[in-house]
There are 2 protein chains.
Amino acid sequence: MIMRQLDVFFNPKSIAIIGATETMGFGFLTTKYLLDSNFRVYPVHIKREMVFGQKAYKNVRDIPEEVELVIIIVPSQHVLEAVQDSIAKGVKGIIIESAGFAETGREDFQAIQQQITALAKKSGVRIIGPNCLGISNVYNNFTSAETDFTNVRPGNISIIAQSGVLGNIILDWAFHEGIGFSKVITLGNKLDVDEVDCLEYLKEDTSTKVICLYVEEVRDRLRFLKVAREVIKVKPILVVKSGRTASGAKAAMSHTASIAGNDTLYDAMFKQVGIIRANDFYEMFDYAKGFSMLPLPKGNRVAVITSSGSLGILTCDEIENQKLTLAHLSESTVAEMRQSGPEWVSLKNPVDLGPAQLQMMHTCLKAVLVDENVDALIWIEIIPERVIKEMGLTLQTAGKIIKKYGTEAGKPVVINTFGSPWFIELLHEQFDKYQIPITISISNSVKITAKLLQYQKWRMHPSES
Amino acid sequence: MIMRQLDVFFNPKSIAIIGATETMGFGFLTTKYLLDSNFRVYPVHIKREMVFGQKAYKNVRDIPEEVELVIIIVPSQHVLEAVQDSIAKGVKGIIIESAGFAETGREDFQAIQQQITALAKKSGVRIIGPNCLGISNVYNNFTSAETDFTNVRPGNISIIAQSGVLGNIILDWAFHEGIGFSKVITLGNKLDVDEVDCLEYLKEDTSTKVICLYVEEVRDRLRFLKVAREVIKVKPILVVKSGRTASGAKAAMSHTASIAGNDTLYDAMFKQVGIIRANDFYEMFDYAKGFSMLPLPKGNRVAVITSSGSLGILTCDEIENQKLTLAHLSESTVAEMRQSGPEWVSLKNPVDLGPAQLQMMHTCLKAVLVDENVDALIWIEIIPERVIKEMGLTLQTAGKIIKKYGTEAGKPVVINTFGSPWFIELLHEQFDKYQIPITISISNSVKITAKLLQYQKWRMHPSES
């Protein structure tokens, strides 16, 4: 049912843009992109005859063919009429991108939003927005959100975000992080379609493996809990919930007219159904990378191989904070590693290779990963630029070892690093193809493993976790 | 006294490298760099006649001229003899880079380290190390640490780090962050020179404005407290202390033979003298950027201008967490901003410009900064790549406004952003010249302001903070 209803937003057969514009500013890029695309698109503009060389209609009702989806980008005072016209035309879905509704706090604007909500309920036409950027589908390159698909990788992570602008920025950023996406949904004020509808949709979406959620308010909490509980059985849900404090909650009201509510209750609600909460977007997408790329660990014994003693120590601190255990490496593992390098290298866990890493890396990665006392590995890889440039270095073999003895053997491996953008890009070039997540945060490198384990336990025993 | 003693490590008139090597591996880059430099350098090697085309001496004592500083990079079993020879030669300072001492946990290696410590005490020759990379001085390009000065900006931040490898990596990374350095000191096992000596030195160093400290253990805590208390009066000390947990402490022992100790005590000790503790290196250097570039705020009233509602809300949450106050903007400020853009823009604090930022940015930055109810500003600036590329955008005017009405008017401004490396680099290009710190962490953008205020209060009333 929800699949049938919402699929028009992701795979529309025909689209009208009300407020299609050739003028620089809001709506310009969406109009230009869709009119240039292979989608069947009809520009609608009250005054213009043509938009980007294509015949424009004065009203959506004037379009002689069927229209499935309408994107509305006119100023807020004209939105109600545009919605009425669209419903009269017989469309299946409407995305209202325009801002200037309940989030302004003004009663007149709130009233218009309420009228539109009533129209949605009465007609059965589903509406996304207002005050959002709508949808991007990375598998057919449909977007109402100015997404530049040349900078987005297809993948198995989907996003439901209340905020419009951020949805897009996340895609820009994620491209350089080796993160791939399936669907991106921005919901704005949620006058009709909300995150629960989207969770139901993404549960059935075969190209989505991980769901990332950014919310300021969950209105129907009982329905949210019921649906989330079912989704979690098949795919993890990660959440950033803002408006934790009084100041934040007040800002959320001005942003998407959200009543952020008691944060302790939200926290309890997420825990109750096994939703994994992140403190910020970096944390959420680091978790998402882990769930997208890695197997779930079989236990909590973590090994650390490091080229920096300091980062190794900080990682151990975080392993203890996260209630994971430093793996006790077996004697044969230590003996094998010892043969590959100088006597002074510390081979306790953490295995601290320091400058001997160039000669010992491969032996150590393999020895630690095949050790039956190890469930997961964090590899801290830092190298000064000058060493790479003057001595030359490729990490292909390391990538192959991790894939074979880590990922394929059911042991998650996370790479943690610190360095210039140049170096991090190099790591991505070398490791993305082996689907090894790279993080620049010590804390997150450990938490990824902790969250994979938490989800694994939850799936085995939902009631106890 | 300490200036006279330690200055040889930063401004050596003549240098011998014991274990100078042409072979790829540890010591290679240091040898090559120093022999190519304008410093007076003598290679010492037990077997070779020549190193990089320069006459090598079998023993440091064979060098016919005066030697002020010795860098030792021979394997650990030969270090004691090299130290004895250096002292006999009459040098002023020794940097032992070689690892393989107390940190191995082996009694024989520990004994050698103790013998060397005794030699330092007896002779008065100051020794840095072992198990470190020594010193880099960005103002005369002296380095024993493989530092590539083409990738380091001169600045007013100095680092004292127990770990060698990390010191170097931080420079690589910081270059791209717009961070400039004065001195970088890595201390390793600290058999003689420790962080307290270095704090005393940096207190007097006129090119150092901010001191960053990474420690695993502070041995002489009373002396540390006494010296730190004096340093804080003239420049801030920021610290990352690892080995907070039992697992981390065990790793610290294997790294630099440090007894990390009770973390609660360390925390209390830092608070007692006004040292600002950071949880990780990103946080420490975000603070350092703030102290390096910004004026101290006169009060706790923070304004937020944002192009992303979501990030604005998360920022408000953090402002409340950090016990700062959201500034109440005066009516004239709001009125001035209102005239520059559409009615639907939310101009409460946070000022949430969204897609209207391109037209409203300049008016809002100035209006908020001149508002007498505002002590500090956090500007959240995100723009999708496509918008920048297709619409064109420069941020020069914004930089000038912030410099004039922010920094020069005694109001700190921090830029917070989220985006691809490409975009962050663009921001650095535009804002570094105006000395406006850029951070990618919401949390840190707020904490920078909080820490500036904390230090300001501490300086006014050391006893009450």
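Naming: A, B, ... by sequence-line order, numbering from 1 per chain.
Both the backbone and the side chain of Ala246(A) come within contact range of chain B, judged by heavy atoms closer than 4.5 Å. Heavy atoms of Leu326(B) lying under 4.5 Å from chain A belong exclusively to its side chain. At a 4.5 Å heavy-atom cutoff, Asn349(B) makes no contact with chain A through either its backbone or its side chain. For Ser254(B), the parts sitting under 4.5 Å from any heavy atom of chain A are the backbone and the side chain alike. Contact annotation for Asp352(B): only side-chain heavy atoms (C-beta onward) come within less than 4.5 Å of a heavy atom of chain A. For Asn151(A), the part lying near chain B is the side chain, with the backbone staying farther off; criterion is any non-hydrogen pair under 4.5 Å. Only the side chain of Val240(B) comes within contact range of chain A, with at least one heavy atom under 4.5 Å from a heavy atom of that chain. Proximity to chain B is absent for every atom of Thr306(A), based on heavy atoms less than 4.5 angstrom apart. Within the 4.5 angstrom heavy-atom criterion, no atom of Ile424(A) approaches chain B. Neither the backbone nor the side chain of Phe101(A) comes within less than 4.5 Å of any heavy atom in chain B. If you measure heavy-atom distances from Glu318(A) to chain B, you find no contacts under 4.5 Å at all.
Taking CD1 from Ile383(B) and CD1 from Ile169(A), the interatomic distance works out to 8.0 Å, rounded to the nearest 0.5 Å. Between the CZ atom of Phe418(A) and the CD1 atom of Ile170(B) there is a distance of 5.0 Å, given to the nearest 0.5 Å. Going from atom OG of Ser308(B) over to atom CZ of Phe281(A) covers 7.0 Å, rounded to the nearest 0.5 Å. We find the OG-CG distance between Ser443(B) and Asn279(A) to be 9.0 Å, quoted to the nearest 0.5 Å. Interatomic distance, CG of Leu324(A) versus OG of Ser247(B), reported as 10.0 Å (0.5 Å rounding).
Residues Glu343(A) and Ser76(B) form no side-chain contact, since every pair of their non-hydrogen atoms from C-beta on lies 4.5 Å or further apart. Using a 4.5 Å heavy-atom threshold, the side chains of His255(A) and Pro350(B) count as separate.
The nearest pair of heavy atoms linking Ser310(A) to Glu216(B) is CA-OE2, 4.1 Å. Here the closest non-hydrogen pair linking Ala251(B) and Cys316(A) is CB-SG, 3.9 Å. Shown here for Ile313(A) and Ser242(B), the closest heavy-atom pair between the two residues is CG2-OG, 3.4 Å. Trp173(A) approaches Gly419(B) most closely through the heavy-atom pair CD1-O, 3.1 Å.
Per-residue heavy-atom pair counts under 4.5 Å with chain A were compared for Phe175(B), Trp422(B), Tyr282(B), and the maximum is reached by Tyr282(B).
Glu320(A) has no carboxylate O lying under 4.0 Å from a charged side-chain N of Arg244(B), or vice versa, which leaves the two without a salt bridge.
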